[in-house]
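Computed from heavy atoms alone, side chains included, the values below leave out hydrogens, waters and symmetry copies.
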Amino acid sequence: MDHTESRDGTDEPTDDTRTTPAPESAPTPGPASGPTPASGYVPEPESVSEPESAPASGPAPASGPTPEPESASDPAPQPAPGPQPQPAPESGKKRRRPWVRRVRRAVLVLALVLIVPLVGVETALRVNYMGDPADGTYTRDRDAMWLGHAWVDGRKKDADVTALAGRLEDTGVRDLYVHTGPLEHDGTLPRSVYPRARWFIDAVHRELPGVRVQAFLGDVLANGGPEGLELSDAATRAEVVRSAGQVLDTGYEGVHLDLEPLHSGDGHYLDLLDDLRELTKGRDAQLSVAAHQIDPLPHLHSVAGLVADHPKWWSQEFFGQVARRVDQIAVMSYDTARLFESTYGGYVAQQTSLALEVTPPTTHLLMGLPFYYESNPSHWGHAETVGAAVRGARLGLSRTDPDRELFGLAPYIDFAATETNWREFKDGWVR
């Protein structure tokens, strides 16, 4: 999840200077017999020796009188065989043919390895998006929403809270995750980064009775680069717990943790959640987390970990271990690299089912919605629509646990939301 407050990525360089590339030099014509081999050397064909006295079509006539023909039983004399012409060496094109065949074969194999599974996955997701959601799979009035940092740093005013209340009226949003961090890499949280938090909490309680405000705390983990928060350090984890207590003292009604990139199976993260749960239970507060997506194929997180420091997925087992330690778990079900709206919706349906299977009924499960527009290799805006995500979540809920009460949707994020996002959310989910 991107914690910055600008996701459109539309800024372009203002430098109008353009460099015109120099024209490429004309290629030197090769021999007419075929392309030049890689070595750049084409051997000339050896000369063919001519026979010294090869007869043209039969024996040469004698200069004297014509001899009497021999009897029919005697065979006619045959010309002496002369040297046969030697075949010219193969041209450069023929010499390369085995190499070309090997390259073509390798390209074909690579295409089969990459394209066939991709087509199979996309087809399966498209099929997963088919059908109709079950009746009653609409909001349970247990939805949530991520909010930006401007609500607590002094940029927002009373009128903004009133407008937000108008947006959320008659929706199922009952939890607000307002960005209050980020945490320092040592786990501490300067109070100076959220000077208006108390004002915002009071304003929400006044304008939106019954809605909880949770402190959204995040940071980059050290396993994603040279710098970051180090979960393996016990002192750092202790500071995170102290920071959580600090925001609860401010008046927040819960702590929402988002640490990325978090590798599947991280035992230090589970230890941190155990310590935080003890704190929040003692304060009658909520503990919620933002969760990575679940392996759409078995052990995909392991494969991704071999080629990237930011594995996108958790194993389903690890997701369940996290879900059992918190009050709420919100899946970041966006930035999926899906190319089509139908396959994105099918992917959300799959993620919803996988999450429901391992989330205990006592834990509140939320599926994230993309309330922003971007177009890049990880997020195609024309495909990752709110409408497709809502329908996908309803399909997954219908197929796996249609009566689940502790289930909701969570839009990300308020400052990038469009009218279309709000309309698709309300039309598809809020009824």
Mark yes when over 12 heavy atoms from residues, nucleotides or ligands other than Phe340 sit less than 6.0 Å from its CZ; otherwise mark no.
-> no
Sub-3.5 Å donor-acceptor pair from the side chain of Arg283 to the main-chain atoms of Lys281, do we have one?
-> no
Greater than 12 external heavy atoms within 6.0 Å of Glu357's CD = yes
Side-chain contact, heavy-atom cut-off 4.5 Å: Asp219 with Val240?
-> no
Any donor and acceptor pair, going by atom type alone, linking the side chain of Thr180 with main-chain N or O of Ala215 inside 3.5 Å?
-> no
With sequence neighbours excluded, what pairs up with Arg198 under the salt bridge (Lys or Arg N to Asp or Glu O under 4.0 Å) test?
-> Asp202
Is there a side-chain contact between Glu253 and Val204 (heavy atoms, below 4.5 Å)?
-> no
Going through the distances and angles, do Arg399 and Ser353 end up as a side chain to side chain donor-acceptor pair (under 3.5 Å)?
-> CA-CA 7 Å; Arg399 295 163 181 164; Ser353 293; over 6 Å; no
Which atom pair, heavy atoms only, marks the closest approach of Ala416 to Asn421?
-> O-OD1, 4.2 Å
Nearest heavy atoms of Arg391 and Asp132, plus distance in Å = NH2-OD1, 4.2 Å
Expected output: side-chain Arg338 to main-chain Thr343 donor-acceptor under 3.5 Å = no
Just wondering, more than 12 heavy atoms not from Arg431 lying within 6.0 Å of its CZ?
-> yes
Could you tell me whether the side chain of Phe407 reaches within less than 4.5 Å of the side chain of Thr352, counting heavy atoms only?
-> yes
Under a 4.5 Å cut-off applied to non-hydrogen side-chain atoms, are Gln351 and Ile294 in contact?
-> yes
When you measure from the side chain of Arg404 to the backbone N and O of Leu356, does any donor-acceptor pair fall under 3.5 Å?
-> yes
Has the side chain of Glu384 got a donor or acceptor atom that lies under 3.5 Å from a matching backbone atom of Tyr373?
-> no
Qualifying ring-ring contact (aromatic ring centres under 6.0 Å, His included) pairs, either residue in residues 341-366, two or more places apart | none
CE of Met332 to NE2 of His292, rounded to nearest 0.5 Å, is 5.5 Å
Donor-acceptor pair, side chain of Ser333 and main chain of Gly368, under 3.5 angstrom = yes
Assess whether atom CG of Asp284 is packed by more than 12 heavy atoms of other residues, nucleotides or ligands within 6.0 Å.
-> no
Looking only at atom types and distance, does a side-chain atom of Trp314 sit under 3.5 Å from a main-chain N or O of Leu262, one as donor and one as acceptor?
-> yes
Do Asp160 side-chain atoms and Lys157 backbone N/O form a donor-acceptor pair below 3.5 Å?
-> yes
Salt-bridge test for Arg324 and Glu317: reply yes if a basic N is under 4.0 Å from a carboxylate O, no otherwise.
-> no
Rounding to 0.5 Å, atoms CG (Leu147) and CG (Asp414) come to a distance of 4.5 Å
Polar side chain donor-acceptor pair, Glu424 to Thr385, under 3.5 angstrom = no
Quick one: pull up OH in Tyr194 and OG1 in Thr250 and give me the separation to the nearest 0.5 Å.
-> 4.0 Å
For Thr236 and Glu230, test the side chains for any donor-to-acceptor distance below 3.5 angstrom and give the result as yes or no.
-> no
Does Lys156 reach the main-chain N or O of Arg196 with its side chain, forming a donor-acceptor pair under 3.5 Å?
-> no
From Tyr129 OH over to Leu395 CG, what is the distance, rounded to the nearest 0.5 angstrom?
-> 7.5 Å
Would you mind telling me which of Phe425, Phe371, Tyr177, Tyr412 makes a side-chain contact (heavy atoms from CB on, under 4.5 Å) with Met145?
-> Phe371
Apply the test side chain to side chain donor-acceptor pair (under 3.5 Å) to residues Gln328 and Asp175: give CA-CA distance (whole Å), side-chain angles for both, the deciding distance (0.1 Å), then the verdict.
-> CA-CA 10 Å; Gln328 299 177 336; Asp175 283 280; 3.0 Å; yes
With a 4.5 Å limit on heavy-atom distance, are the side chains of Asp295 and Phe319 in contact?
-> no
Carefully, step by step, assess Glu374 and His379 under the rule side chain to side chain donor-acceptor pair (under 3.5 Å).
-> CA-CA 6 Å; Glu374 288 181 354; His379 180 104; 5.3 Å; no
When you look at CG of Asp249, are more than 12 heavy atoms from neighbouring residues, nucleotides or ligands closer to it than 6.0 Å?
-> yes
Would a 4.5 Å heavy-atom cut-off, applied to side chains only, mark Leu365 and Thr363 as touching?
-> no
Look only at the side chain of Arg167 and the backbone of Trp422, and say whether a donor-acceptor pair between them is shorter than 3.5 Å.
-> no
Compare all side-chain heavy atoms of Asp186 with those of Glu239 and state whether any distance is below 4.5 angstrom.
-> no
So, for Leu369 and Ala389, which heavy atoms are closest and what is the spacing to 0.1 Å?
-> CD2-CB, 3.7 Å
Below 4.5 Å, heavy atoms only, C-beta onward: do Val103 and Val100 meet side chain to side chain?
-> no
Step by step, work out the side chain to side chain donor-acceptor pair (under 3.5 Å) result for His268 and Ser232.
-> CA-CA 6 Å; His268 300 300; Ser232 62; 5.0 Å; no
